[in-house]
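Each remark here refers to the structure printed beneath this line.
Here is how names work: the chains are called A, B, and so on, in the same order as the sequence lines, proteins then strands, and each is numbered from 1. As the structure is a computational prediction, the values presented were derived from the model and not from experiment.
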Amino acid sequence: MNVRLETIRECLEGIIPGHIGTCDAEGMPNLAYLSQVEFIDNEHVALSYQFFNRTRQNVLAGSPVRLLLTSHLTGAQYRAELQFLRTETAGPLFEQMKAKLAGIAAHTGMSGVFKLLGSDIYRVLSIDQVVGPTVAPPPPPVNYLTALRRAAQKLAGCANLECLLETALDSLQSEFGIGHVMLLMHDEGRGRLYTLASRGYPESGVGSEIPMGVGLIGISARERSPIRIGFMTSEYTYGRTVRDSIAAEGYADTLETAIPLPGLPEARSQMAVPILACERVLGVLYVESVADLHFGYDDEDALVAFAAQLGQAILHHQQVDEVEEEAQSSDTAPPVPAGSPLRVRHYGANDSVFLGDDYLIKGVAGAILWALLQDFAERGRTEFTNKGLRVDPRIRLPGVSDNLEARLVLLQRRLEERSAGIHLAKSGRGRYALTVDRPLELATD
Amino acid sequence: MLDSDTQAFLQTGVSISLAACNAARLACMSRGMGCKVLDGGRRMAIFLKRSQSLELLDNVAATGKVACVFSLPSSNRTFQLKGADAVVQPFDPADMVVVNHHIDEFVQEVVPLGMAEQVVRAVFACTADDLVTVVYSPSAVFSQTPGPKAGEPVGRAS
């Protein structure tokens with residue numbers, strides 16, 4: 001093999017469609033265009049199986065397979081000889097190709113026509129460049145290795161989870177030039193992903209949720225696989241898919257969509273990369289752009305590597321943010337704040353908390369806030385530790401993989417966004433301080 | 001015989017590719033630099049770059065069986081014309097006008113779709129001394145416009 005497949009992956013993006021040549025038993029050739037070629041590794045590609053056409057008949061009858069691929073960047077052409085291995089109809093590769101095909105279909109006016117029936121996996125036997133003139137490729141928008149090195153160094157300088165989240169999103173902007181980013185954490189107990197931080201949107205969307213397996217983000221998390229789309233497709237538009245999915249699950253709980261997911265209404269390129277560590281899905285990094293084909297294979301590689309580092313760091317910070325001793329209640333109760341009282345209502349059924357009439361948070365983060373406010377109101381307590389919260393029977397954390405630190409960051413951010421006069425701030429390792437600016441009226445249902 | 005509508009379509013800014021197989025049934029294909037409808041639609045002439053097509057031309061000479069795909073990128077309208085009597089002929093320099101016209105039409109077709117003109121012109125850069133002509137009689141015509149009807153025969157040439 002003269003050419004390594006990984007060095008010509010732009011030929012697989014479908015910008016200039018590839019050709020596939022096969023042969024029937026009588027020696028008659030057949031030539032067809034390829035909607036999609038998916039890079040698996042240097043020895044394997046997958047082709048989309050959409051129709052039982054002559055190509056497929058020939059392949060299943062044992063025809064050798066030849067591709068003609070063309071780079072839209074250089075004009076270089078390559079002939080590749082393939083050997084059919086098998087078809088996959090579910091799993092990460094299938095979902096990656098299905099999402100990408102939906103984008104290609106929408107872009108080429110073929111929505112409803114292109115439908116992925118399977119991912120046909122082939123071994124690459126040889127790749128040869130076709131002789132002919134080429135042009136110099138344009139410089140890449142980013143030096144991915146430099147960006148990755150700098151971003152990794154910045155993550156290594158973080159001492160806690162909040163710094164890590166900020167640095168991760170800042171690095172995606174400053175080092176990788178990605179303008180629209182969301183970081184979602186995985187609530188393993190509830191099968192949901194919740195937004196913990198974002199960049200590039202008018203509203204942060206912190207606290208918004210996506211069910212596991214829904215939309216690009218949910219599928220990426222479920223399949224533990226990056227998923228990338230190069231063209232706008234309504235099939236993977238968030239607002240609608242999330243609403244439809246929740247309706248289909250029969251949730252009457254309107255709080256599911258009380259906080260809208262941020263996102264570009266006209267996103268043309270989207271990529272979701274799972275944050276994995278120790279075989280767990282910790283969350284998802286989601287990036288998007290209004291430009292077609294904004295994210296390529298190199299972006300995907302860089303973000304997968306970045307997410308791997310981020311995952312290890314998140315796991316580390318979640319585990320070390322503990323202190324041995326329970327914080328003592330302050331000897332002197334804090335001064336009673338003046339001003340109009342704030343009514344805080346807690347609903348035990350789902351641990352949702354409302355400030356006045358406005359929904360703030362629910363679930364574990366809601367239970368934490370309610371416990372903190374009760375202790376504040378009854379005992380004037382303002383100092384809390386992770387360790388204390390973890391064993392607090394009122395909070396009911398779901399076991400060891402409780403993401404307590406992430407839930408505290410979520411709660412802290414929701415409180416700041418509401419500017420309601422309740423603040424939660426980190427006061428030391430594994431330690432938080434509560435500040436209340438107004439008198440509170442606590443009520444529970 | 002190709003109808004007049006199909007004949008006209010084949011000579012617009014379509015992408016053209018020709019394939020032929022060897023004795024081991026391995027196909028080889030090359031991009032067409034242009035084409036000409038001959039004898040009122042009974043035969044087709046496809047222009048190829050010899051330097052890019054040595055294996056393909058050997059296959060054509062050995063089997064005479066070819067498949068040629070014509071597709072308009074802006075509409076995805078696609079035809080595949082197969083034949084079993086293909087022969088390789090020298091390129092007539094007088095056909096350079098046809099080749100240049102086809103390249104210009106193809107550039108006009110794909111540049112609005114986002115392709116860089118210099119890349120397209122690199123793919124189609126050719127000189128008369130490196131061109132060769134494959135002539136054959138289409139014996140079967142298939143619509144390959146994407147969709148459930150792709151691959152259906154749309155006529156059998158006489």
Against chain A, work out which of [options] has the most heavy-atom pairs shorter than 4.5 Å and name it.
options	result
B/V123, B/V110, B/N22	B/V123
B/K49, B/E55, B/R121	B/E55
B/Q118, B/M29, B/K65	B/M29
B/V119, B/V120, B/T78	B/V119
B/S53, B/A24, B/C28, B/C68	B/C28

[X] [atom1] to [Y] [atom2] distance, which is reported to the nearest 0.5 Å:
X	Y	atom1	atom2	result
A/T70	B/M115	OG1	CE	8.5 Å
B/K82	A/L31	NZ	CG	9.0 Å
A/Q77	B/S30	CD	OG	7.5 Å

| query | Among side-chain atoms of B/S17 and A/Y33, is any donor-acceptor pair under 3.5 angstrom? | reply | no

| Which bit of B/A19 is near chain A, if near means a heavy-atom gap under 4.5 Å: side chain, backbone, both or neither? |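 Both backbone and side chain of B/A19 come within 4.5 Å of chain A.
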
| field | Under 3.5 Å donor-acceptor, B/R25 side chain and A/T22 backbone | value |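 Such a contact is absent between B/R25 side chain and A/T22 backbone.
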
| A/V131 backbone acceptor or donor facing B/Q52 side chain under 3.5 Å | yes

| Tell me, side chain or backbone of A/T55 under 4.5 Å from chain B's heavy atoms, or both, or neither? | neither

| query | With a 4.5 Å heavy-atom cut-off, do B/Q80 and A/P29 have their side chains touching? | reply |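 B/Q80 does not reach A/P29 side chain to side chain.
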
| Candidate pair B/V69 and A/H19, rule side chain to side chain contact (heavy atoms under 4.5 Å, CB included), full reasoning | CA-CA 10 Å; B/V69 167; A/H19 299 63; 5.7 Å; no

